[in-house]
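Structure record follows, encoded as structure tokens.
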Amino acid sequence: MNDAEMRLLESQNRPASLDDGRGNRVSHGVLVLTADFIYARANSAPPSARTFNAGGDIVRVPVSEVQDGSMHLFSVSAGGQSLRFMIIRKANGWGVALDACRICGAEGYRQDGQNVICRHCASAILYSVDWRSGRMQSIGVPSHLDGGDLVIDISSLTQAAKEIPQ
């Protein structure tokens, strides 16, 4: 076996390391993580929310405006604060939740395919999960259908807002 063959054999038997002596593998990993972080933050610009004026103690959202399966964001003023909430048409009805994460706070969400993604920690919420269960990081809000409207009580929104970490 000549010198070149010996070096090849040694390199094949050597355990993989994080650095080849010049920092190439480590810097590549840092670059990938940095690019992923920048991409996630760039993708997380808050979407605009349609402002609703509450009719008394309720908000009425026409079903025709939210039946496409996309995330729709709304805002309503109640008790001197602006409350953002989202509505999504799900296979088993409607998902209504605050645009706030039970873990991360009021950073809110964005839609990515069939998932709703926290704009702070990038955790996904599946459409199929019952958002009112309390097992997810979303803060579910009860609602009901009345004719062609989805009805949400302002008191339910303000009560749910107490779960947003400060």
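When reading the values below, keep in mind they use all heavy atoms of this one structure, side chains included, and skip hydrogens, waters and symmetry mates. Position 1 is the first residue of the sequence, and the numbers go up from there. Predicted model only: the values in this text are computed from it and were never measured.
To the nearest 0.5 Å, the span separating CG on L150 from OG on S64 amounts to 11.5 Å. Here the straight-line distance linking atom CG of L157 with atom CG of D57 works out to 11.5 Å at 0.5 Å rounding. Atom-to-atom distance recorded for R89:CZ and I87:CD1 is 12.0 Å, nearest 0.5 angstrom. To the nearest 0.5 angstrom, S138 atom OG is 9.0 Å from L98 atom CG. Taken from NE2 in H144 to OG in S156, the straight-line distance is 10.0 Å, to the nearest 0.5 Å. With rounding to the nearest 0.5 Å, the separation of CD1 in I103 from CD1 in I164 is 13.5 Å.
Using a 4.5 Å cut-off on side-chain heavy atoms (C-beta onward), V59 and V151 make no contact. Looking at Q111 and S70, their side chains come closer than 4.5 Å, going by heavy atoms from C-beta outward. Put simply, the side chain of H72 does not reach to within 4.5 Å of the side chain of I88, judged on heavy atoms.
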Legend entry - Derivation and outcome, side-chain contact (heavy atoms from CB on, under 4.5 Å), residues V96 and M86: CA-CA 6 Å; V96 179; M86 60 183 165; over 6 Å; no
Legend entry - side-chain contact (heavy atoms from CB on, under 4.5 Å) assessment of L145 paired with W94: CA-CA 9 Å; L145 286 174; W94 302 94; 3.8 Å; yes
Inset, instruction - Tell me, with the steps shown, if F85 and D99 meet side-chain contact (heavy atoms from CB on, under 4.5 Å). - result: CA-CA 5 Å; F85 62 98; D99 186 29; 5.8 Å; no
Legend entry - side-chain contact (heavy atoms from CB on, under 4.5 Å) between I58 and I152, worked out: CA-CA 6 Å; I58 61 171; I152 303 155; over 6 Å; no
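Within the structure, salt bridge (charged side-chain N to carboxylate O under 4.0 Å, His left out) pairs that include any residue of residues 61-77 comprise R50-E65 (at least two apart or interchain). Sequence neighbours left out, the pairs with a member in residues 137-162 that pass salt bridge (charged side-chain N to carboxylate O under 4.0 Å, His left out) are R60-D146, R60-D149.
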Side-chain donor-acceptor distances from residues 74-83 under 3.5 Å, at least two apart:
residue: S75; atom: OG; partner: S82; partner atom: OG; Å: 2.9

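Shortest non-hydrogen contact noted between A160 and V141 is CB-CG2, 4.0 Å.
By the side chain to side chain donor-acceptor pair (under 3.5 Å) test, Q67 pairs with no residue at all, sequence neighbours left out.
In this structure, the side chain of E107 does not engage the main chain of R119 through any donor-acceptor pair within 3.5 Å.
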